[in-house]
Amino acid sequence: MRVVAVYPGTFDPPTNGHADIIERASKLFDNVIVAVGKNSHKTPLLTVDERLEALTEISKPYKNVTVESFEGLLVDYAKDKGAKSIVRGLRAVADFDYEFQIAMVNRKLEPEVDSVFLMTRWEYSFLSSSVVREVALLDGDVSTMVPDPVLTILKQAVARRLKG
Ligand code: ADP
């Protein structure tokens, strides 16, 4: 039986921290589905298509990783895909409360799907999409924070936001 995992997130934009989790998850599971959540209440900087494009480029080296978007309950989506695991990344303490709560709720909703947490790497422990967005919107250099394919897409999105 193939062991399938879903790695869900907003990925607005994908960062080096996300890319690292994708690489590590690809070594732990037979198949990894990187899933861009569509029903976030946040107003995104990147469109869903831009995030899909960036994540597809990032995931290219890993033959067992696919990229999709999803709507609705994550556990329903995971079950649909035959995934028994939800992968999430953990940074400094701040992530724990939130992730713990979501994991508990997800287990209540669907006991068959378990959450698996991968600790961030030292160098990415303070890296978040929101930091990248803030720096990029102020025209700062984010080239050490995001994978190369994200840079061009992010530039377009920033120009669009500043225009409108
Ligand atoms: P969400 O809105 O679902 O939290 P994010 O795109 O912010 O979506 O994050 C998706 C997942 O990636 C989360 O589990 C988050 O903790 C993890 N993550 C984000 N940044 C990093 C990082 N620098 N290192 C490791 N994991 C990270």
Side-chain angles (χ1 to χ4, degrees), residues 4-29 31-59 62 65-78 81 83-107 109-110 113-137 140-151 153-154 157-158 161:
V4 182
V6 171
Y7 176 35
T10 310
F11 305 109
D12 185 36
T15 67
N16 287 337
H18 294 130
D20 175 57
I21 298 288
I22 292 171
E23 178 181 2
R24 285 158 60 202
S26 78
K27 292 175 183 157
L28 293 173
F29 299 97
N31 285 98
V32 177
I33 305 168
V34 181
V36 177
K38 273 184 168 179
N39 49 358
S40 164
H41 40 264
K42 305 163 195 165
T43 312
L45 177 62
L46 271 63
T47 64
V48 170
D49 283 345
E50 286 169 334
R51 284 175 270 160
L52 289 173
E53 189 188 332
L55 287 163
T56 302
E57 279 299 315
I58 293 168
S59 306
Y62 319 112
V65 177
T66 50
V67 179
E68 296 183 357
S69 60
F70 77 101
E71 262 173 307
L73 271 185
L74 173 60
V75 285
D76 289 345
Y77 171 75
K81 294 284 159 183
K84 290 240 183 292
S85 305
I86 293 170
V87 173
R88 297 285 289 176
L90 277 186
R91 283 160 297 185
V93 280
D95 277 341
F96 183 79
D97 276 356
Y98 176 72
E99 294 293 343
F100 187 82
Q101 192 179 9
I102 301 287
M104 291 301 122
V105 172
N106 282 339
R107 179 179 293 147
L109 292 170
E110 183 46 73
V113 176
D114 222 334
S115 300
V116 175
F117 296 95
L118 298 182
M119 294 295 164
T120 186
R121 264 187 212 288
W122 182 275
E123 56 269 43
Y124 305 141
S125 51
F126 293 100
L127 181 57
S128 65
S129 295
S130 60
V131 162
V132 172
R133 284 198 305 275
E134 265 180 53
V135 174
L137 283 166
D141 180 9
V142 293
S143 59
T144 57
M145 302 179 201
V146 299
D148 281 346
V150 176
L151 280 175
I153 295 169
L154 185 58
V158 166
R161 171 67 60 91

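Note that ligands are numbered from 1 as they come in the structure, with each ligand's atoms numbered from 1 the same way. Because only heavy atoms are used, hydrogens play no part in the values below, and waters and symmetry mates are left out as well, while side chains stay in.
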- [ ] With atom 3 (O) of ligand 1 as the reference point, say which of His18, Arg121, Arg88, Met119 has the nearest heavy atom.
- [x] Arg88

Open item on the list: Classify the ring geometry of His18 against Phe11: parallel below 30°, tilted from 30° to 60°, perpendicular beyond 60°.
Closed with: perpendicular

Task: Beyond-backbone contact of Leu154 with Val142, side-chain heavy atoms, under 4.5 angstrom - done: yes

TODO: Calculate, to the nearest 0.5 Å, the distance between atoms CG and OG belonging to Leu52 and Ser59 respectively.
DONE: 10.5 Å

Task: Pro44 and Arg51, any side-chain heavy atoms less than 4.5 Å apart - done: yes

Task: N/O separation below 3.5 Å, Thr10 to ligand 1 - done: yes

Task: Side-chain touch Asn106/Leu74, heavy atoms, less than 4.5 angstrom - done: yes

Task: Contact (N/O only, under 3.5 Å) between Ile21 and ligand 1 - done: no

Open item on the list: Within ligand 1, which atoms have a heavy atom of Glu99 less than 4.0 Å away?
Closed with: 13 (C), 14 (O), 16 (O)

Task: Atoms of ligand 1 close to Phe11 [distance to a heavy atom under 4.0 angstrom, numbered from 1] - done: 6 (O)

Open item on the list: Check for me whether Phe126 has a heavy atom closer than 4.0 Å to any atom of ligand 1.
Closed with: no

Task: Closest to atom 16 (O) of ligand 1 (judged by heavy-atom distance), picking from Ala92, Gly37, Gly89, Pro14 - done: Gly89

- [ ] Considering the heavy atoms of Gly17, write down every atom of ligand 1 situated less than 4.0 Å from one of them.
- [x] 22 (C), 23 (N), 24 (N)

TODO: Would you check, one step at a time, whether the test side chain to side chain donor-acceptor pair (under 3.5 Å) holds for Ser143 with Asp141?
DONE: CA-CA 6 Å; Ser143 59; Asp141 180 9; 2.7 Å; yes

- [ ] Take every heavy atom of Pro8, measure it against each atom of ligand 1, and state whether any distance is under 4.0 Å.
- [x] yes

TODO: Could you name the option among Tyr98, Tyr124, Tyr7, Phe96 that has the heavy atom nearest to atom 11 (C) of ligand 1?
DONE: Tyr7

Task: Element-labelled atoms of ligand 1 that are located less than 4.0 Å from some non-hydrogen atom of Gly9 - done: 3 (O), 8 (O), 10 (C)

Open item on the list: Heavy-atom distances under 4.0 Å decide this one: backbone, side chain, both or neither, for Asp95 against ligand 1?
Closed with: side chain

- [ ] Give a yes or no answer on whether the side chain of Arg88 reaches the backbone of Pro8 with a donor-acceptor pair at less than 3.5 Å.
- [x] yes

Open item on the list: On a heavy-atom basis, which atom in Tyr7 and which in Gly89 lie closest, and how many Å separate them?
Closed with: CE1-N, 4.5 Å

Open item on the list: Checking the N or O distance criterion of under 3.5 Å, is ligand 1 in contact with Thr15?
Closed with: no

TODO: Select one of side chain, backbone, both or neither to describe which atoms of Asn16 lie under 4.0 Å from any atom of ligand 1, heavy atoms only.
DONE: neither

Open item on the list: Does this structure show an ion pair linking Asp114 with Lys84, if we count only N-O contacts that are shorter than 4.0 Å?
Closed with: no

